[in-house]
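This report refers to the structure that appears directly beneath it.
Each chain gets a letter, A, B and so on, in the order its sequence line appears, and its residues count up from 1. From a predicted model like this one, the values you see are computed outputs, not experimental measurements.
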Number of protein chains: 2
Amino acid sequence: MVTMRDVAERAGVSIATVSFLLNDTKPVTPATRARIEQAMADLGYRRNVVARALASRRTRIIAMAYPALEHRFGMSTAEFFTAAAERAREQEYHLVLWPVGNDGVELRELLGQGLVDGVVLMEVQLADPRVEVLRETGTPFALIGRTTELDGLAHVDIDFDATIEAAVAHLHELGHRSLALISGDLADPRFHEYGPWVRSEAAYRRVMAEYGLRTVVEPCSDTPRAGREAAERLLQEHPDTTAILVANEYGALGVVSALKRLGRDIPADLSVLSLLMVPEVAALSDPELTFLRTPGSELGQLGIEALIRQLEGAAPLPPQLVPATLQPGDTVGPPPS
Amino acid sequence: MVTMRDVAERAGVSIATVSFLLNDTKPVTPATRARIEQAMADLGYRRNVVARALASRRTRIIAMAYPALEHRFGMSTAEFFTAAAERAREQEYHLVLWPVGNDGVELRELLGQGLVDGVVLMEVQLADPRVEVLRETGTPFALIGRTTELDGLAHVDIDFDATIEAAVAHLHELGHRSLALISGDLADPRFHEYGPWVRSEAAYRRVMAEYGLRTVVEPCSDTPRAGREAAERLLQEHPDTTAILVANEYGALGVVSALKRLGRDIPADLSVLSLLMVPEVAALSDPELTFLRTPGSELGQLGIEALIRQLEGAAPLPPQLVPATLQPGDTVGPPPS
DNA sequence: CTGAAAGCGCTTACAG
DNA sequence: CTGAAAGCGCTTACAG
């Protein structure tokens, strides 16, 4: 292994100078810079990140805490994670995945090891025990999602209000007046604090009230089968529905197939608009779903950015609420006349 | 931060003794063991992994190299990755995700940093430039997948031969004689060396020849839309087909919807058997797909296991070929009489 | 602008 | 069975 000492010797300088150059932490004359760079090139020097971490007390490793037991690691998550990993790498950070429970116990254990400089929290609950653990241990962190009590926490999240507003406005413009929401299963103890479902449902109720329209919400867990059942229940109880909003990525696929089974033409008889979905999943449906695209890459990157700014003592990234954007598909049209 | 020195002082021993106890690397009398353990508990000591890494020249960090640009990070990948991360954590390793290209350039760059003890390679190509990089740098590694030249490389993979044999046998028993394969798109330069598609197609040809049956292969890229088109082409060219094997996870969903569009009853008119799929994707189809389950968790864990054994100097894990197992669904039945 | 030296928190021969 | 000490490869006051 080529060390900094080897480079310093060959360049005829001290290791301190090599370090100053590498970190751009003190000025170095062009002449010595050239000698050091030549020596590094000759020897193929690569700085050892572990030694650097120990000496600088900064590992440049970030953990993404993902509650894999409670949440399926699906396509959306994959988008968050790979975008985050790439953004981290651009800034010379590494990203580790910590599949830890929501209660914070394992998280505390791992933090004690001193491996990471900070943590990005995914699948944030309204009251999230992990936040307390991170605070107690003094670990810098950023949320992808939001707790209820935010007081100054760095976070990025979907702008549920704007997203739902856009969705309802779009359907309303087309002429729809009877809009139902198939939401998440808030009765499930794992999810009753789950932000995306709580917030999208609240936003739906608020926006519908503003439009003076009736409110119908059908709970549904996150599987196509549950989606089918929810759609069947919905049409039984509210046969006059002309457009269905689905805040449930995998449930949405079941909604479409249930309607087809029931002989409904999509979108001639009934429109389906999927909220919060990635294109890969929308394409799995036939007809392909019209949907609001979860800004997964953006949020993954912003989450990393928010954390890295803290780590580097830069100006904090203001909270970012990113709306999902409408993507055309084949499941939304005007209501039947 | 509580250090080993603090523990040693409180227990009245040297830091070496604390280290010996912690690593179980030298015997310690019960009395001093008790004192040290008490001190650790009192102080809430947690060993610093970075210092340990530098001193021991072992970071206990493993990278999973994933060519995110070339391959979608989908549900199957997520299963591999989370299972690997969990298995690593059980053995006190951490898993980082390296989204690096297939050419090995970025991989070499990252290896130089000395962060990881070893690498698990995903989405292995028949001739994989990354293998050469790992060899040159002397990095321990394990493959999830297989190159053509394996000479002794640690690897775990799907047993494509056994999987395809089981699939064909199952359909043959039901009475099918006209089986077609919708495979991957080997014409695409990104995938013409992609093991799963090459191997499943080869196995199909071999097995069909053994049964004395005609061979039909329709290439298809990994999207539902491509699957729809492939199914349409197939029925055009070979209308007598009674069962379709699909070696293409997302393509399979398109195959089902194309058949429905064409008015074919599944499975009364035509059976669809998806090879290499995870249950979450199978459930997205309506009717739910009959499929051979990709052993993602098993392979993720075995890949980590194979690597860790090398890292710890244990007996090497013999190559593991794990067959996909048949999962009942609603898309396979006897051929029309 | 550059260098000598202490120190990050551990592991590991070596000695007893 | 235990300890003193060197060393892992860097960073960072401090001094000049």
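The distance between atom CD1 of B:Ile15 and atom P of D:dG3, rounded to the nearest whole Å, is 11 Å. One interatomic measurement links the two molecules: CG of B:Asn23 to P of D:dC1, which rounds to 17 Å at whole-angstrom precision. Straight-line distance from the CZ atom of A:Arg58 to the P atom of C:dG9: 16 Å, rounded to whole Å. Taking atom CZ on B:Arg5 and atom C1' on C:dC10, their separation rounds to 10 Å, with Å as the unit. Atom CZ in A:Phe20 sits about 10 Å away from atom P in C:dG3, given to the nearest Å. For B:Leu21 and D:dC1, the CG to C1' distance is 13 Å, given to the nearest whole Å. In this structure, CG of A:Asn48 is placed 18 Å from P of C:dC8, rounded to the nearest angstrom. Between the P atom of C:dA6 and the CG atom of A:Leu54 lies a distance of 17 Å, rounded to the nearest Å.
Taking only side-chain atoms of A:Ala16, from C-beta outward, the nucleotide of C:dG7, C:dC10, D:dT12 with the closest atom is D:dT12. In the set C:dC10, C:dT2, D:dC10, C:dT2 carries the atom at the smallest distance from any side-chain atom of A:Val28.
When ring centroids are compared, A:Phe81 and B:Phe81 come within the 6.0 Å threshold.
In this structure, B:Arg60 does not pair ionically with B:Glu92, as no charged nitrogen and carboxylate oxygen lie closer than 4.0 Å. A salt bridge does not link B:Arg89 with B:Glu86: none of the charged nitrogens is closer than 4.0 Å to a carboxylate oxygen. Between B:Glu9 and B:Arg5 there is no salt bridge, since no side-chain nitrogen of the basic residue lies less than 4.0 Å from a carboxylate oxygen of the acidic one.
Regarding contacts with the backbone of D:dC1, every side-chain N or O of B:Arg33 stays at 4.0 angstrom or more from both OP1 and OP2. OP1 and OP2 of C:dC1 both lie 4.0 Å or more from every side-chain N or O belonging to A:Thr29. Within the 4.0 Å cut-off from OP1 or OP2 of D:dA4, not a single side-chain nitrogen or oxygen of B:Ser14 is found. The side chain of A:Ser19 places an N or O atom within less than 4.0 Å of a non-bridging phosphate oxygen (OP1 or OP2) of D:dT11.
The minimum heavy-atom distance between A:Asp117 and A:Leu311, with the atom names listed, is O-CD2, 3.3 Å.
When each of B:Arg52 and B:Lys26 is assigned the nucleotide of DNA chain C with its nearest heavy atom, B:Arg52 is the one assigned upstream, toward the 5' end. Take the nearest nucleotide of DNA chain D for B:Gly12 and for B:Ser56: the residue whose nucleotide is more 5' is B:Gly12.
Considering B:Glu123, B:Arg130, B:Glu193 as possible partners of B:Asn102, the one that fulfils the side chain to side chain contact (heavy atoms under 4.5 Å, CB included) test is B:Arg130.
Stretches of at least 3 consecutive Watson-Crick or G-U wobble pairs, with each checked distance under 3.5 Å, appear in DNA chain C as C:1-3 with D:14-16, C:5-12 with D:5-12, C:14-16 with D:1-3.
For the pair A:Asp42/A:Gln38, a side-chain contact is recorded, criterion being any heavy-atom separation below 4.5 Å from C-beta on.
In the displayed structure, A:Glu312 atom CD is contacted under 6.0 Å by more than 12 heavy atoms of other residues, nucleotides or ligands.
Using a 4.0 Å heavy-atom distance criterion, B:Val13 is classed as a sugar-phosphate-only contact. Residue contacts for A:Thr32: at a heavy-atom cut-off of 4.0 Å it reaches the sugar-phosphate backbone alone, with no base atom in range.
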